[in-house]
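These notes are about the structure you will find just below.
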Amino acid sequence: MADDQGAQLVDAVRSAAAGQRQLILVGAGSKAPPIDSGDALPVVEHTGIVDYRPEELVLTARSGTPLRDIRELLGQRRQQLPFEPPMIAGKGTLGGAVATGWSGPGRPWRGSVRDAVLGVEMINGLGERLAFGGQVMKNVAGYDLSRLQTGAWGSLGILLSVSVRLSPQPELERTCRLECGATDALAWMRKWARRFSPISATCFDGGVLSVRLSGMAESVDAAASRIGGEQSSDLGLWQALRDRALPTFRSARPGGTALWQINCAPAAELPTGPCLVEWGGARRWWRTGEPPSAVCAYAAEAGGAAWPAGAAPSFQTPLMMRLKRAFDPKALFNPHLADADAFQ
Amino acid sequence: MQLLLMAMNETRVLERLRGALRIGTLITEPAAMRPYETDGLTAIREMPWAVALPGTEDEVREVLAVCREQGVPVVPRGAGTGLSGGARPVSDGLVLGLSKLNRILEVDVGNCTARVQPGVRNLVISEAVTEHGLYYAPDPSSQLACSIGGNVAENSGGVHCLKYGLTVHNVVGLKVRTIDGDLLELGGKGFDYPGYDLLALLCGSEGMLGVVTEVTVRLLPEAPEKVVLLAAFGTLEAAAGAVTRIISEGIIPAGLELMDQLTLRAAEDFASAGYPRDAAAILLCELDGDAAEARALQSCAARLFEEEGAYDIQQARSAEQQARLWAGRKAAFPAVGRIAPDYYCMDGTIPRAALAEVLKGIGKLSKRYGLTVGNVFHAGDGNLHPLILYDANEEGQVELAEAIGREILELCVGVGGTVTGEHGVGVEKLTPMCAQFGTAELAQFERVKEAFDPQRLLNPGKAIPTLSRCAEYGGMHVHGGELPFSKLERF
Ligand SMILES: Cc1cc2nc3c(=O)[nH]c(=O)nc-3n(C[C@H](O)[C@H](O)[C@H](O)COP(=O)(O)OP(=O)(O)OC[C@H]3O[C@@H](n4cnc5c(N)ncnc54)[C@H](O)[C@@H]3O)c2cc1C
């Protein structure tokens, strides 16, 4: 069901520009909340793997390609997407993964979504089809406008296709579980961050510190016996953490609490109250009834930023708005993410 | 009259700059400005109007404010080791040298980060944190001299970037002063802060978008075990094939470098590294990990090299043996410098599977032009560094060297590669950029520049070719079968 909708999407952008209509880009609908202003422009039908070169560790696919299909294909060659993008409720596309820039549990060890992006093809707000970057590992020709699309939530243009760097699947993976308190868990994570080890993810949640080990069998076994705790080959926790399917992420909770995502200095002190800690301490999911100002103050103190879990960021500093205008002078794309009034 | 006015204005601007520099200095004497005339691309020189060497971040801000108000072009400069003319001055502009901002501000072992000023030299960071068993991974061959600010501006790579990433993958925070005086504080000590990824955009932006005034890098723990293999091959193609093979077998070496016969012999004469002089090409392959991992990788890599036709494999386990093998590679550029009066270093990157084909193509071009080309490069990344040997004193050779260089880059673009993998566009690769990008992409780059620097004061004339330059070049590449602008509705 490979389908190239590039030409139709270019037409849609050009006619939106001519008719002064704004466009809300819709992928698989797994992450972005529904918005009622502007015309919805589905990009999910623009699908298909354009090029897969296992020997180069590179894949190029159209942005609507389901992550599930990509994972399946890569699995056949024992390769993987190093950035472990979430499949919320089992859904998700490559374009959506890049547009949100949500990296998975292995982020500090395997790199982020943007780290893996090698090139993009996109449509800007002038209806031009543009290609930046490519399929090679190193490329400094011109500004890095492909990595800039990562985490831009489609506000700079429509991603048509993305080339990403892949990684080989490890020979063996294991989970170790250690029971401990939050402060000890964080101290443990930071101590191990200073040692060379096959650790590829950490997660503290509800009194248990879980550690994922990935690598050659011998090193994984050696590290597992040094770490101790309860050992298993069950990796379900990591997939649930990746897909935000753990109980912590469930939205309905009594008591007027909200779940916040906080990316901060990994060793920064933990907040009070229940908090899921991953990325060696650098990402925290804090459920709290504290007012937003208090949460943001905590995050700032911790050398980071806080926002409601799952929310899209806004791009409203003067420079970011100028950058948006550089790609999309008529503010056609996802205008709810940047202050559209500023463009008039 | 006009001239007199200009001269008066000039004196006033110089006075204001001097006033802004209390700790730093302003240089206007031609003799003292000589070292700033050029960077690592020494064929291209220009005397700047003045050189400012601020001593504090505040002074950077004040110097930029004067330049903005007076419309003076500014060329940021780190250590001047760039190989594409990125830091080459402009005659009517100021060189803003960051070398005095050379303090390590903080080593944060708990967070595994170091916060440093832009003028800190690359190697100094690793030296400062080695007592904690940590290091800063990107290691350009110029790491003894080049500055971290320059590394950010070029998104520099090095031997170990194959496994550990380029500058952009290892920088977590930046402070950047824009030409309109804003201080951008990007990232921090953690990862992935919300908003446009300006940190990634600044990496590799060649001093065109802002001046980097502080860098926070992440530090990695040293691998406990390292092994270096030297594999000798009877043909260049076999060595190239072995590169593709090893990566496709799922092995990511810490470093994987290729040297052809010309460069390995020159390096051997220079550094006595113990390279087999009869080899058509050698691969240097570093594997790291814990003890078990390094051992397993070593035997696996050695087997693959043998299968791909390596006739001799040396394995260096001790630090001394390894240092000796690497010494030849590290000295390769100066070693080649000894066998020809001049050399010109190219920097195209290609898909690894195309290595053999492109190396063959380079060989053919070399015959056709009658110029020797050596190859020593980051093979694991597909990042070529063809060294074109020539003699600038011989009539017409400079032009020949440039022409073959351009053809080599076109060869790279032709197989889906890029005209620069890590050295940047600078002034050197402006024309080859026209082969890689269409009009619409170039115009998009321009608009991004304008969002940061509408007056075009920062590093003018670098990195992005003008459309008229590309039209002249004639190699204008037509995207997706469409003629630029032909059907395009103009909004
Ligand atoms: C022998 C040799 C070997 C080399 N090997 C490698 C290699 O292995 N890998 C590699 O990637 N490169 C290599 N290089 C190229 C060069 O060393 C790198 O590009 C390096 O990052 C440049 O750093 P610099 O401090 O010398 O910058 P400069 O040459 O001074 O400047 C380079 C560019 O950065 C800009 N710039 C500098 N500082 C700042 C700042 N603070 N803010 C904003 N812009 C700034 C300048 O305007 C210019 O455009 C090599 C060079 C030599 C001479």
Side-chain angles (χ1 to χ4, degrees), chain A residues 14 17 53-57 78 101 103 107-108 111-112 114-115 124 126 128-132 134-145 147-148 150-152 168 190 193-196 215-216 218-219 222 263-267 279 282 303-305 307 313 315 319-320 322-323 326 330, chain B residues 110-112 133 154-155 157 166 169 188-197 200-201 203-205 221-224 244 247-248 250 289-290 292-293 296 349-353 381-383 416-422 424-425 433 436-437 440-441 444-445 447-448 450-451 464 479-480 489 491:
Chain A
R14 291 185 186 172
R53 304 190 194 185
E55 74 288 356
E56 295 285 332
L57 293 168
R78 293 200 52 78
S103 303
R107 192 309 169 205
S112 63
R114 74 101 142 101
D115 286 347
N124 66 7
L126 298 171
E128 295 170 327
R129 248 178 124 138
L130 308 172
F132 298 109
Q135 294 188 314
V136 293
M137 295 298 132
K138 291 161 97 177
N139 191 346
V140 289
Y143 306 124
D144 195 339
L145 301 189
R147 288 201 171 95
L148 181 64
T150 316
R190 295 321 302 157
R194 300 200 294 271
R195 301 182 180 172
F196 191 92
M216 293 194 133
E218 248 183 284
S219 355
N263 290 13
C264 62
W279 289 8
W307 62 102
F315 305 102
L319 177 63
M320 289 195 193
R322 290 202 300 274
L323 208 48
K330 291 192 155 189
Chain B
N111 283 308
C112 295
E154 300 285 10
N155 190 17
L166 306 165
H169 303 117
K189 290 178 176 174
F191 305 110
D192 305 352
Y193 293 66
Y196 292 137
D197 199 336
L201 177 60
C203 285
S205 64
E222 285 275 6
T244 315
I247 305 283
S248 64
D290 54 40
E293 199 179 358
T349 303
I350 57 171
R352 287 173 281 242
D381 295 313
N383 185 189
T418 176
V419 299
T420 172
E422 60 178 14
V425 173
M433 281 284 283
Q436 191 169 334
F437 292 101
E441 281 89 0
Q444 185 62 66
F445 286 142
R447 287 193 300 274
V448 168
E450 185 164 322
I464 311 294
H479 203 75
E489 202 177 330
F491 309 127

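Order of the sequence lines sets the chain letters (A, B, ...), proteins ahead of strands, with each chain counted from 1.
Atom CG of residue Leu126(A) and atom CZ of residue Arg447(B) lie 5.0 Å apart, to the nearest 0.5 angstrom. Phe196(A) CZ to Asp290(B) CG: the interatomic distance, rounded to the nearest 0.5 Å, is 6.5 Å. In this structure, Arg194(A) CZ and Asn111(B) CG are separated by 10.0 Å, a value rounded to the nearest 0.5 Å. Rounded to the nearest 0.5 Å, atoms CZ (Arg114(A)) and CG (Asp192(B)) are 6.5 Å apart.
For the options Gly303(A), Pro313(A), Ala152(A), Gly142(A), heavy-atom pairs under 4.5 Å to chain B are most numerous at Gly142(A). By number of non-hydrogen pairs under 4.5 angstrom with chain B, the leading residue of Ala193(A), Gly134(A), Gly111(A), Ser103(A) is Ala193(A). Per-residue counts of heavy-atom pairs under 4.5 Å with chain A were compared for Glu222(B), Arg352(B), Lys189(B); the largest is that of Arg352(B). Taking Val448(B), Ile350(B), Leu166(B) one by one and counting their heavy-atom pairs under 4.5 Å with chain A, the maximum is reached by Val448(B). For the set Arg78(A), Arg107(A), Met216(A), the entry with the most heavy-atom pairs within less than 4.5 Å of chain B is Arg107(A). No other option in Ala141(A), Ala282(A), Ala267(A), Gly215(A) has as many heavy-atom pairs under 4.5 Å with chain B as Ala141(A). The residue among Gly190(B), Cys112(B), Ala451(B) with the most heavy atom pairs within less than 4.5 Å of chain A is Ala451(B). Your options are Leu319(A), Leu323(A), Leu148(A), and the one with the most heavy-atom pairs under 4.5 Å with chain B is Leu319(A). If you tally non-hydrogen atom pairs under 4.5 Å between each of Gly417(B), Pro351(B), Gly424(B) and chain A, the highest count goes to Pro351(B). For the set Gly204(B), Ala223(B), Gly416(B), the entry with the most heavy-atom pairs within less than 4.5 Å of chain A is Ala223(B).
Across every non-hydrogen atom of Ile247(B) and Leu57(A), the tightest pair is CG2-CD1, 3.6 Å. For Gln444(B) against Ala326(A), the heavy-atom pair with the smallest separation is NE2-O, 2.9 Å. Minimum interatomic distance between Ala292(B) and Glu218(A) (heavy atoms only, all atoms of both residues): CB-OE2, 3.5 Å.
Contact of Ala222(A) with chain B is not made at all, since no heavy-atom distance falls under 4.5 Å. Residue Asn139(A) touches chain B through both its backbone and its side chain, counting heavy-atom pairs closer than 4.5 Å.
Put simply, the side chain of Glu441(B) never gets that close to the backbone of Phe132(A): no donor and acceptor are under 3.5 Å apart.
For the salt bridge (Lys or Arg N to Asp or Glu O under 4.0 Å) test, residues two or more places apart in sequence or in another chain that qualify with Glu422(B) are Lys138(A). Scored by the salt bridge (Lys or Arg N to Asp or Glu O under 4.0 Å) test, Arg53(A) finds Asp51(A) as partners (sequence neighbours excluded).
Here the side chains of Val136(A) and Asp381(B) are not in contact, with every heavy-atom distance at 4.5 Å or above. Contact of the Phe191(B) side chain with the Asn263(A) side chain is not registered, since no non-hydrogen atoms from C-beta on lie closer than 4.5 Å.
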